[in-house]
Amino acid sequence: MLSVVVATTTDQVSVHDLDDDDSVLTTTDLDAGDLPDFVREREQAPGAPAPRWVWSDTATWYPPLLAAGVTVARCWDLRLCHAILRASALTAHTSFASAGASAWDQPRVQTATDRLFDLDPPVRLDPLEELRRQRRTVAAALADDGRPASGRLSLLLAAESAGSLVAAEMTHAGVPWDAIEHDRILTALLGRRPVSGYRPELLEAKLAQVRSALGVGDVNPDSPAELLKALRLAGLPATSTRSWELREIDHPAIPPLLEYKKMSRLMTANGWHWLDTWVAGGRFRPVYVPGGVVTGRWASDGGGALQLPHQVRGAVRADPGWTLVVADAAQLEPRILAAMSGDRAMARAGQATDMYEGMVATGAVETRQQAKYGMLGAMYGGTQGESGRMLPRMTKAYPQALALVEHAARAGERGEVVSTWLGRSSPRPGQDWRLAQGEASGEGATGVEQDRARAQARGWGRFTRNFIVQGTAAEWALCWMALLRLRLRDLTPGGDVTAGPHLAFFLHDEVMVHTPAHLAEEVADIVRECASEAGRLLFGAADEASVEFQVSVAVVVSYAEAK
DNA sequence: CACGGCTGCCAC
DNA sequence: AAACGTGGCAGCCGTG
């Protein structure tokens with residue numbers, strides 16, 4: 001059963017219940033403030049299956065429900081699904097793809113005009129019409145070979161929508177954060193918190209070492225230009241102030257400088273100011289942006305949620321009586337490549353707990369390190385170093401897998417679109433790119449222009465090569481979380497997600513569940529089961545040729561203990 | 001002085 | 001070891 005939520009004015013809502021052909025059975029008009037109770041009743045109605053709530057945008061509708069202690073089992077996020085369907089190669093032949101841009105193509109953030117007229121974007125949209133268009137478009141989806149492809153696309157839209165629920169619920173729950181422990185970490189590494197505008201004691205001392213080793217009194221180490229000048233004046237052969245370059249230089253100023261940079265980075269990115277800004281009431285509440293990355297990965301907005309440095313992970317601590325179940329999908333992208341290419345030799349390696357060891361065991365390479373760099377090179381398009389050297393070995397051992405990524409790279413070099421396993425498609429290259437390609441192939445093009453165009457083409461090829469793997473890995477992760485979320489929900493009494501085990505953090509191929517300690521082992525099993533099930537959901541029933549999606553699970557009090 | 005480009009480093 | 005994908009973010013620095 002689909003229930004479509006429509007904002008009729010800023011404080012009036014209509015809910016349309018639809019039958020199987022999307023015609024309206026009943027309509028209920030409500031004050032917006034009565035929506036949480038209405039949704040709660042529908043979700044908990046005995047005997048009736050919970051509806052799938054269709055709304056313009058989970059990020060707009062769901063947080064107020066969560067704040068009122070109401071959760072929903074399923075939804076359809078029209079804005080996120082719209083974006084997928086507009087760009088997908090599977091629906092490129094439909095009127096949905098060829099129509100001009102509409103309000104549904106706008107980003108979610110309110111425009112100045114919306115605020116001026118006190119209108120939320122959803123008020124000006126017609127979710128019911130949009131739903132019908134999307135359903136028709138999915139039904140018309142066709143694969144490359146002309147066969148119907150609505151199954152995969154439906155799964156993608158469901159997974160994307162489930163992801164939007166997970167994102168809102170995780171922001172609502174927050175990451176359990178021990179501010180006292182965070183302060184302890186900072187104080188141990190940097191010295192006590194200084195008054196603003198000053199450096200903490202240990203950082204200042206480190207800087208004094210740098211200055212004295214360089215024989216300068218006042219260089220500002222935070223200005224790359226000034227620092228580089230000082231380094232060169234002291235006779236160091238530096239061409240930049242990047243740590244990896246400085247590491248190669250043998251000079252007494254280098255070790256303290258590298259330490260200074262590390263300390264300084266910690267203070268500016270995740271220091272006391274970050275703590276003041278982002279942690280409140282023992283929770284870090286990042287804002288996740290589902291679909292925020294072209295490949296389908298999530299982005300984040302504020303707080304740097306997707307780059308939590310290992311240095312501060314000790315501050316992520318379960319509540320008393322609770323524990324963290326941290327699960328990491330092992331070698332996710334190589335496994336994804338094996339599964340989507342149908343490469344049987346690579347799939348065999350992918351049945352091992354450690355896929356890179358599996359590649360060694362099956363004789364493709366000699367060492368785990370070679371396997372790792374070889375795979376990264378294959379997926380990123382590396383040409384240099386160990387990656388480049390391993391490429392012929394990879395191609396020989398795993399011809400089908402390498403052919404798949406090479407094919408994607410060639411398509412990108414020609415400016416064509418590539419798609420993930422479930423049908424999310426890459427953007428087309430920008431106008432500058434196309435212009436450069438056109439000019440380089442025309443008469444009178446200089447060698448420099450041609451070289452630059454070729455370099456740009458190869459660059460876009462590396463993007464599309466990586467897109468199909470990274471994007472499909474993101475789809476697997478969405479399915480993993482969607483399944484996990486529903487299983488955890490069954491263990492949680494009442495409406496509030498934080499009353500029982502719940503997802504607290506997500507990072508591309510890793511999830512964290514905050515759970516009452518006595519349920520930790522049960523949760524760990526569920527996490528593993530959902531990983532396998534996500535593999536079957538995407539790639540079909542398990543057989544001897546299928547990849548096993550292994551996860552390493554740690555039951556810990558502090559995030560620093562995981563991995 | 002607001003803004004955007006650049007540098008450098010963090011995560012996967 | 002160094003350069004090969006996706007991002008966020010702080011601070012610097014030039015520009016209008």
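In what follows, chains are A, B, ... by sequence order, proteins preceding strands, each numbered from 1.
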What's touching nucleotides 2-7 of chain B from the protein side, N or O pairs under 3.5 Å?
none

Note to self: If you assign each of A:Gln307 and A:Gly459 to its closest nucleotide in DNA chain C, which residue comes earlier from the 5' end?
What the structure shows: A:Gly459

Notebook entry, point to check: Has the side chain of A:Arg211 got a donor or acceptor atom that lies under 3.5 Å from a matching backbone atom of A:Val219?
Noted result: yes

Next item on the list: For B:dG8, take OP1 and OP2 only and decide whether either is under 4.0 Å from a side-chain N or O of A:Lys261.
Entry: no

Note to self: Looking at B:dC10, I'd like to know if its phosphate oxygens (OP1 or OP2) sit under 4.0 Å from a side-chain N or O belonging to A:His310.
What the structure shows: no

Notebook entry, point to check: So what does A:Asn270 touch, heavy atoms closer than 4.0 Å: a base, only the sugar-phosphate, or nothing?
Noted result: nothing

Next item on the list: Just call it for A:Ser387: base, sugar-phosphate, or nothing, with non-hydrogen atoms closer than 4.0 Å on any strand.
Entry: base

Notebook entry, point to check: Contact class for A:Tyr373 (heavy atom, under 4.0 Å): base, sugar-phosphate, or nothing?
Noted result: base

Notebook entry, point to check: How would you label the contact of A:Arg389 with the nucleic acid (heavy atoms, under 4.0 Å): base, sugar-phosphate, or nothing?
Noted result: nothing

Next item on the list: Write down the distance between OH (A:Tyr288) and P (B:dA11), rounded to a whole number of angstrom.
Entry: 16 Å

Next item on the list: Would you classify A:Gln470 as touching base, sugar-phosphate or nothing, given that sugar-phosphate means primed atoms plus P, OP1 and OP2, and contacts are heavy atoms under 4.0 Å?
Entry: base

Item checked: Nucleotide B:dC12, atom P - distance to CD of A:Glu333 in whole Å -> 13 Å

Check: Would you call A:Arg410 and A:Glu413 a salt bridge, taking side-chain N to carboxylate O under 4.0 Å as the test?
Finding: yes

Check: Contact boundaries of DNA chain C with chain A (under 4.0 Å, heavy atoms), 5' to 3'?
Finding: C:dA1 to C:dC13

Check: Just checking, is any N or O donor in the side chain of A:Ser425 or A:Ser419 under 3.5 Å from an acceptor N or O on the other one?
Finding: yes

Checklist line | pair A:His182-A:Val279: side-chain heavy atoms closer than 4.5 Å | finding: no

Checklist line | Pairs meeting criterion salt bridge (charged side-chain N to carboxylate O under 4.0 Å, His left out) with involvement of residues 156-170 of chain A, two or more places apart | finding: A:Glu160-A:Arg424, A:Glu169-A:Arg485

Note to self: Within the 4.5 Å heavy-atom criterion, are A:Gln470 and A:Val293 side-chain neighbours or not?
What the structure shows: yes

Next item on the list: Classify the nucleic acid contact of A:Gly388 as base, sugar-phosphate or nothing, counting any heavy atom under 4.0 Å across all strands shown.
Entry: nothing

Note to self: Return whichever of A:Glu386 or A:His508 has its heavy-atom-nearest nucleotide of DNA chain C closer to the 5' end.
What the structure shows: A:Glu386

Item checked: For atom CE of A:Met379 and atom C1' of B:dC12, their distance in whole Å -> 11 Å

Item checked: Pairing residues for A:His172 by the ring pair (Phe, Tyr, Trp, His ring centres under 6.0 Å) criterion, not counting sequence neighbours -> none

Checklist line | A:Leu227 vs A:Leu257 side-chain heavy atoms within contact, under 4.5 Å | finding: yes

Notebook entry, point to check: Taking only residues two or more places apart in sequence or in another chain, which ones pass ring pair (Phe, Tyr, Trp, His ring centres under 6.0 Å) with A:Tyr398?
Noted result: none

Notebook entry, point to check: Can you check the A:Arg247 CZ to B:dC9 C1' distance for me, whole Å?
Noted result: 11 Å

Check: Expressed in angstrom and rounded to an integer, what is the separation of A:Asp328 atom CG from B:dA11 atom P?
Finding: 14 Å

Next item on the list: Identify whether the distance between the nearest side-chain nitrogen and carboxylate oxygen of A:Arg389 and A:Glu386 falls below 4.0 Å.
Entry: yes

Notebook entry, point to check: Looking for any heavy atom pair under 4.0 Å, which part of the strands does A:Arg297 touch: base, sugar-phosphate only, or nothing?
Noted result: base

Notebook entry, point to check: Contact class for A:Gly303 (heavy atom, under 4.0 Å): base, sugar-phosphate, or nothing?
Noted result: sugar-phosphate

Item checked: Aromatic ring pairing A:Phe506/A:Trp298, orientation class (parallel under 30°, perpendicular over 60°, tilted between) -> perpendicular

Note to self: My validator wants the stems of DNA chain C: runs of 3 or more consecutive Watson-Crick or G-U pairs, both distances under 3.5 Å, written as range with range.
What the structure shows: B:1-12 with C:5-16

Margin query: Under 4.0 Å, heavy atoms only, any strand: does A:Gly304 hit a base, just the sugar-phosphate, or nothing?
Written below: sugar-phosphate

Margin query: Can you measure A:Lys372 atom NZ to B:dC12 atom P for me and round it to whole angstrom units?
Written below: 11 Å

Item checked: Electrostatic pair A:Arg465:A:Glu406 at N-O distance under 4.0 angstrom -> yes

Check: Within the structure shown, what part of the strands sits under 4.0 Å from A:Val294 by heavy-atom distance: base, sugar-phosphate, or nothing?
Finding: sugar-phosphate

Next item on the list: Answer yes or no: does a side-chain N or O of A:Ser243 lie under 4.0 Å from OP1 or OP2 of B:dG8?
Entry: no

Notebook entry, point to check: CH2 of A:Trp274 versus P of B:dC10: gap in Å, rounded?
Noted result: 16 Å

Notebook entry, point to check: Looking at A:Lys261 and A:Glu245, does any basic side-chain N land under 4.0 Å from a carboxylate oxygen?
Noted result: no

